[in-house]
Number of protein chains: 2
Amino acid sequence: MDKKSPIRITLTKRDESVTITQWVYSTLRNAIMTGQILPGRALTIRELAAILDVSPMPVREALRQLAAESALEIQGNRRVMVPKMTAMKFNELCEARINLESHAAARALPYIDNERLQELIELDKEIDEAQDNDDMEQITVRNQRFHRALYTANPHQITLPLIESLWLQLGPFMRLANSRLEEHYTIDRHNEALQAIERKDALALQLAIAADIREGFAFAVTPELLHSFIEQSASEAD
Amino acid sequence: MDKKSPIRITLTKRDESVTITQWVYSTLRNAIMTGQILPGRALTIRELAAILDVSPMPVREALRQLAAESALEIQGNRRVMVPKMTAMKFNELCEARINLESHAAARALPYIDNERLQELIELDKEIDEAQDNDDMEQITVRNQRFHRALYTANPHQITLPLIESLWLQLGPFMRLANSRLEEHYTIDRHNEALQAIERKDALALQLAIAADIREGFAFAVTPELLHSFIEQSASEAD
DNA sequence: ATTCAATTATTGTGATCACAAATTTAAGAA
DNA sequence: TTCTTAAATTTGTGATCACAATAATTGAAT
């Protein structure tokens with residue numbers, strides 16, 4: 001039996017103005033999002049500290065924060081790991097996303113002025129560019145930026161942290177969701193959303209967002225397909 | 001000018017089997033929930049450590065966790081405080097609760113077997129008892145227990161942490177929500193929910209839960225009333 | 001009295017150490 | 001070999017210390 005699977009984490013240069021804890025947090029968060037840490041693998045403070053070349057202290061804090069966001073799971077034995085995905089859990093996360101995000105979109109609608117609308121149109125264009133370049137990394141980043149810009153139009157908005165928690169738990173699947181585009185022709189739901197915004201049509205906006213999310217995960221439309229994706233990640237589970 | 005307002009936190013004896021960090025976490029969480037820490041008041045690690053008679057370390061971890069749950073707010077200056085409430089934010093939190101919780105209820109419905117239903121009926125009875133005794137503390141605790149028992153019937157449920165975050169942010173208002181009962185006669189929405197469960201009527205269940213939440217905050221039905229409640233808490237704000 | 005600068009005190013961050021609990025490894029018996 | 005048990009290692013927790021950044025206080029000058 002070989003030793004524990006090695007952990008490969010993409011490291012970025014730390015901005016001096018940012019605390020080490022914050023840097024560790026976003027590094028680990030990004031690693032989880034991109035599926036670099038496979039579910040079920042036990043994470044130890046000292047190991048991560050060695051990998052990131054920092055003292056155990058900031059790692060401790062970052063792990064606790066990620067656990068509070070359900071990005072990590074603390075087992076009874078105080079062991080920390082990326083939670084394993086199941087088909088049912090995946091489904092729950094998707095439905096929760098649809099529910100929460102269409103809610104957030106509708107609540108943001110009254111606050112979307114022309115300036116914000118132009119920003120959204122601009123962000124949508126940037127997504128198209130990333131799609132033309134097949135840049136999965138950028139597609140995901142800009143897609144999230146689009147959704148965030150929409151929801152945060154509401155100055156009293158309080159759901160974004162909850163939504164981000166769902167994104168985190170969906171983790172690597174968020175990326176897969178954006179890779180579908182070549183396969184089957186899909187309607188541009190973002191455009192549909194933008195039109196609904198111009199018309200101030202809350203229901204249409206909700207439907208567009210819901211469809212956008214649902215179609216993003218269309219690759220998992222059959223239980224078999226979903227299962228293969230999950231197994232692919234959970235290969236090394238106990 | 002007198003010194004900073006003192007912080008009074010109800011201390012419970014710590015269970016030996018629980019880590020100090022966990023004890024600090026739930027102590028602070030409870031203090032926030034009951035409005036013992038007034039919004040805007042700066043919280044320092046060392047001050048809390050002294051009050052709770054522990055070292056700064058567990059306080060640090062607990063604060064970070066609570067901040068991740070939006071129960072506390074970390075300002076730019078790294079200062080930690082209980083976020084201030086506004087009428088608009090209050091409204092957003094209520095609507096988010098209604099949306100998320102009726103969603104969670106509907107998703108739990110298919111999993112509610114007779115055993116769970118009996119448990120819910122039992123919990124509802126206990127709420128009635130607490131109401132007869134005018135025990136606000138117990139009313140709130142048992143009310144939350146009822147909702148939790150409902151949502152967690154779904155074994156794949158992933159929304160409870162999000163819901164608990166909303167409860168935390170509503171904080172002391174959750175208690176006010178349960179004090180309305182003497183005032184105006186209200187329909188027993190829990191009973192309505194239980195009947196909907198027996199009929200396996202998802203829509204009726206959602207409506208009952210939504211009404212339960214909305215009527216719980218009926219005291220804030222007019223902007224003036226709500227404002228007075230908020231001001232009462234935020235009296236010492238900058 | 002008020003404003004502004006300099007000093008002092010306090011704070012969060014991060015590192016290091018100690019220790020008990022848990023895990024892994026090693027060894028011995030069947 | 002397979003199971004059980006004991007030793008050794010690793011791990012999370014919590015305490016203490018150092019330090020730079022922030023906040024509070026003091027003082028002088030207007």
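Predicted model only: the values in this text are computed from it and were never measured. We name chains A, B, ... by the order of the sequence lines, and we start the count at 1 in each one.
Taking only distance into account, the side chain of A:R46 meets the base of D:dG12 through a donor-acceptor pair shorter than 3.5 Å. Judged by atom type and distance alone, B:R64 does not reach the base of C:dG12 through any side-chain donor-acceptor pair under 3.5 Å. Not a single donor-acceptor contact under 3.5 angstrom links the side-chain atoms of B:R79 to the base of C:dG12.
In terms of phosphate contacts, B:N77 brings a side-chain nitrogen or oxygen within less than 4.0 Å of OP1 or OP2 of D:dA23. For A:T21, a side-chain nitrogen or oxygen approaches OP1 or OP2 of C:dG14 to under 4.0 Å. Taking side-chain N and O atoms only, B:T19 has no distance below 4.0 Å to OP1 or OP2 of D:dT13.
Remark: P of C:dG14 and CD1 of B:I45 are 11 Å apart, rounded to the nearest angstrom. Straight-line distance from the CZ atom of B:R60 to the C1' atom of D:dT13: 13 Å, rounded to whole Å. If you take CD of B:E61 and C1' of C:dG12, they are 14 Å apart, rounded to a whole angstrom. Going from atom CD of A:Q75 over to atom C1' of C:dA21 covers 16 Å, rounded to whole Å. The distance between atom CG of B:L72 and atom C1' of C:dG12, rounded to the nearest whole Å, is 15 Å. Straight-line distance from the CD atom of B:E16 to the C1' atom of C:dA20: 13 Å, rounded to whole Å. The separation between B:Q65 atom CD and D:dT13 atom P is 11 Å, rounded to whole Å. Here the C1' atom of nucleotide D:dT11 and the CG atom of A:L63 are 13 Å apart, to the nearest Å.
With salt bridges taken as basic N to acidic carboxylate O contacts below 4.0 Å, none links A:E73 and A:K84.
When the nearest nucleotides of DNA chain C are assigned to A:I20 and A:R78 by heavy-atom distance, the more 5′-ward of the two goes with A:I20.
Using a 4.0 Å heavy-atom cutoff across all strands shown, B:L43 reaches sugar-phosphate atoms only and no base atom.
Of the candidates C:dT13, C:dA15, D:dA15, C:dA15 carries the atom nearest the A:P58 side chain, counting heavy atoms from C-beta on. Among C:dA22, C:dT16, D:dT16, the nucleotide with an atom closest to any side-chain atom of A:M57 is C:dT16. Side-chain proximity of A:T44 to D:dA15, D:dT11, C:dT16: nearest is D:dT11.
A heavy-atom distance below 4.5 Å is not found between the side chains of A:T10 and A:T27.
Relative orientation of the A:F90 and A:F217 rings is perpendicular, given thresholds of 30° and 60° on the angle between their planes.
Pairing each heavy atom of A:Y151 with each of A:L160, the nearest pair is CD1-CD1, 4.3 Å. Nearest approach of B:Q169 to B:E69, heavy atoms of both residues: NE2-O, 4.4 Å.
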